Each structure stands twice: as structure tokens, then as C-alpha cells.
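The structure presented is a predicted model; accordingly, all values stated were derived computationally and were not measured.
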Amino acid sequence: MVFPHSIPYADPKYFLLLLIALIPLILSMLIAGKRPNWYQSLVTLFFLYVSFGGASWHQGVALILYVVWQTLLVYAYFSYRQHKNSSGIFYGAVFLAILPLAITKVVPFFNGGHSSILGFLGISYLTFKSVQMIMETRDGMIKSYKVWHYIQFLLFFPTISSGPIDRFRRFDKDLDNPPTPEKYVDLLGTGVHRIFVGFLYKFIIGYYFGSVLLPPIERATLIHGGISWALVGYMYVYSMDLFFDFAGYSLFAVGISNILGYETPMNFNKPFLAWNIKEFWNRWHMTLSFWFRDYIYMRLMFTLLKKKVFKSRIVASNVGYFALFLIMGIWHGLAWYYIVYGIYHATLICLTDAWLRFKKKHKNLPSNKFTHALAIFLNFQAVCFSFMIFSGILNKLM
């Protein structure tokens, strides 16, 4: 029997295979309250084969080499950290953890757009997990390192391609403590519900925006050239497609995780109802934005303030925001529109902070349902404009 190869959650056959593969695990969890680790490992290997086999075999090889590299690196740093705590060794370990991802991002820029042989689907999200492990080990938050648990954390197949980005300590707790049958009934129902909502988002609403509306409005935008009403329409359609496609995928990932007995964190929480850009990033791709906040922004702020690089905390905060979003923009790719996208969001957040400080000093400013609705409306326009930049359509127009 030849199994089809596909990107996770992109093909109906993928869901059929999931249904068949998960039935024994569901029954075991419902009846015995146990998650057979050997069976979960077999299911993981099978779906990794589905995702990285066939025509994508070279990605599968890259994934294997990557996991070996990161496993040995994290083990070596964990062993070192039990006795010493040199900053140089720490930064060296972080650099080595990021190196494979950096190579895959840089190579296309210098190689005519051709991908690196080291690249594979999901390398960014696995790198976030590895860097997180090293940083939390340095902080003394991770007390033990079990190689097999770490590999299971890296290769957790529901989230491997695009997140959500889980935290090792939370994942490890779920790995060691499967839910009771009573709790699992609720978790199973929640997981199934999320999968059905994911179908609505990705394959119905997302399909309509991305496959029906987006191609003709993009052609109209390019035909008109420059600033046009077609470009305005493209801005909104692309934003809706981006949200429903990615939110649908994330619901699949979290839903399947729930069925496996894991409470993987959600990635979206009604982001277009945010009333300012800071609140938006607390609702949009939350596991990514929280990762960047915790492991880049907060650490950079601590360093800037500790070493008294800036006297003003406000200046240090603004510098931190620009550094953070520049890194986030470059992470998406070495293209000018990704960098402008990062600068744009950093500027909005700095302006939002200034506005919040102004409001705090002027408590007599109106604050009611109307001003709240206006704030949501204006923030939505600002976010959609940023997604238009992110899409690269301006590069095509130029």
C-alpha cells in the first residue's frame, strides 16, 4: 500500500489518515486513561513520513540531521550548565541553535531564490523550541533533560509545520501526565469542535477569500498600477485570507493536540477586535508574539537597563521594540517589504505607548463605547495596511 504524501492539514486524505490512526489512542484514553507512548511514537513517525517523504524526501533527511544537531547541542549545554554558567558559552549555544535556520534564510538571497538543502517545512518553529530550551536551561528553569522527551517535544507532529509554539515545561507535564478519562472527554469534545471550526475557517471562508476573490483582485491591482481602489480591495481580501487560512490551520493543530491529550496553547483570540496594536499582538499568532516578547524583547530590555545604555526607560523600550520587530521582519525573509513591515509595527507600538502615557496624564479624555469602537476600526485599518506591505504586492507594483 502506498500512502499519499502531503503538507499537514492541506489535503482531505490527511484528515482521513488522522482519523484512522487516532482511533486506538482515543479508545485507550477514554477507557484506560492511558496514552500508549509507543503508539504515539509510531503515529508520529508515520505522519512525519507523510509530510517529509516522497518528493519531499530531501526535507526528511534535513529534518533528521537537524534533530540530531539540536539534540546533541541542547544536551551538551544542559550538561555544561549543571556546573558552570559562562555568558560566552550561552551565546555560543544560542548561535549554534539558530545557525541552521539562519543558513536557510540567507541562502535563497544569494542563490537566486533557490532553497537551502538544510531547509525543511517547520524549521523556524523547531528552532524557537531549541532556543527556548537553551535560554530556560541557562535561567535554571529546566531542571532535567530527557533526550527522548526533548525529541518528542521537537517532533510533536500536530504543530511541527507552523506551530503553535509550545513551551517545553508545559508540554513535558502533559507528556508525563495524560488526562483522566473524565477530563479527556471534555478535551476530546473541545478538540473535535476546534477541528470543525478549522474546516470552516480554512476550507470555506479562507478558500473563498484566497482562491475565489484574491486572484482576480490581485490582477486588477497590477493592471491599474500604483494607488487604486483595487489595491484597497486587495488589502482587505489578503488580510482576511491570511487570517482565516492561518487561524484554521492553528485550530487543526490545537484540536489534534487535544485529541492526543495535550493542551497546546491557542494561537488566535479575535485579533481584529483589538483596540490598539499592542493588544493586537496579544491576540494575533500569540505563541509567536509571546515567544519574541519573552526571549528577545524582555532580555534585551533587561540588558539595556542593567548596563544603563539609556537613561530613559521609554527610550530603551522604543529601541527594544524596533530591534524586536526588525528581527521578526527579517525572520520572515530578506526582502525590503518584510523589513518595512517590521519597522511599521515598531513605529505603531511606540506611538501607542506614547498615546497611552498621554491618556494617563489626561484623564478627562472621552472614553466610552463609541471611542472604543472607533479605536477598533482604526486599528483594523492599520493592521490591514501592514498586511498589504507584508504581502509583497507593493514590490510587484514597483
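Counting heavy atoms of neighbouring residues, nucleotides and ligands inside a 6.0 Å radius, atom CD1 of I227 does not exceed 12 of them. Applying the 6.0 Å contact sphere to CZ of R313 captures no more than 12 heavy atoms from other residues, nucleotides or ligands. Remark: L356 CG is packed, more than 12 non-hydrogen atoms of other residues, nucleotides or ligands lying under 6.0 Å away. No more than 12 heavy atoms of other residues, nucleotides or ligands shown are found within 6.0 angstrom of OH on Y208.
Note: H362 and F358 have parallel aromatic rings, judged against thresholds of 30 and 60 degrees for the angle between ring planes. By the 30° and 60° cut-offs, the orientation of the rings of F280 relative to F272 is parallel. Using a 30° and 60° split on the angle between ring planes, F385 and Y344 fall in the tilted class, from 30° to 60°.
Aromatic pair F52/F157: ring centres not closer than 6.0 Å. Residues F246 and F268 bring their aromatic ring centres within 6.0 Å. Between F47 and Y14, the distance from one ring center to the other falls under 6.0 angstrom.
Remark: K129 is positioned above the aromatic ring of F153, its terminal NZ or CZ atom under 6.0 angstrom from the ring centre and at most 45 degrees off the axis. Geometric assessment of R35 against the ring of Y184 yields a negative cation-pi assignment under the 6.0 Å and 45° thresholds. With Y297 as the aromatic partner, R293 does not meet the cation-pi criteria of under 6.0 angstrom to the ring centre and within 45 degrees of the ring axis.
Judged purely by atom type and a 3.5 angstrom limit, Y145 has no side-chain atom pairing as donor or acceptor with the backbone of Y150. No donor-acceptor distance shorter than 3.5 angstrom exists from the side chain of E263 to the backbone of D174, with no hydrogens or angles considered.
With values rounded to the nearest 0.5 angstrom, I217 atom CD1 is found 12.0 Å from W229 atom CH2.
Residues L378 and W275 form no side-chain contact, since every pair of their non-hydrogen atoms from C-beta on lies 4.5 Å or further apart. Counting only heavy atoms from C-beta outward, the side chains of S257 and D166 never approach each other to under 4.5 Å. Counting only heavy atoms from C-beta outward, the side chains of P8 and F252 never approach each other to under 4.5 Å. Side-chain contact between L222 and E218 is present, with at least one heavy-atom pair separated by less than 4.5 Å. The shortest distance between side-chain heavy atoms of M286 and P271 does not fall below 4.5 Å. Contact check for Y125 versus S162: side-chain heavy atoms found under the 4.5 Å cut-off.
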Next on the checklist: Test ring pair (Phe, Tyr, Trp, His ring centres under 6.0 Å) on F387 and Y238; report intermediate values, then the result.
Outcome noted: CA-CA 7 Å; F387 288 153; Y238 178 83; 7.2 Å; no
Checklist entry - After noting the C-alpha distance and the side-chain angles of Y337 and F390, does the key distance pass the ring pair (Phe, Tyr, Trp, His ring centres under 6.0 Å) rule? => result CA-CA 6 Å; Y337 42 89; F390 178 85; 8.0 Å; no
Item to check | Steps toward ring pair (Phe, Tyr, Trp, His ring centres under 6.0 Å) verdict (F128, Y295) | outcome: CA-CA 9 Å; F128 293 142; Y295 297 107; 9.5 Å; no
Next on the checklist: Could you go through R283 and S289, starting from their C-alpha distance and side-chain angles, then the distance that decides it, and tell me whether this counts as side chain to side chain donor-acceptor pair (under 3.5 Å)?
Outcome noted: CA-CA 9 Å; R283 293 165 171 258; S289 61; over 6 Å; no
Item to check | Evaluation steps, side chain to side chain donor-acceptor pair (under 3.5 Å), between Y66 and T127 | outcome: CA-CA 9 Å; Y66 177 90; T127 300; 2.8 Å; yes
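Under a hydrophobic-cluster definition in which Ile, Leu, Val, Met, Phe, Trp and Tyr are linked whenever side-chain heavy atoms come within less than 4.5 Å, directly or via other members, M301 and M298 are assigned to the same cluster.
Here the rule is ring-ring contact (aromatic ring centres under 6.0 Å, His included) with W281, and of F292, W291, F325, Y321 only F325 fits it.
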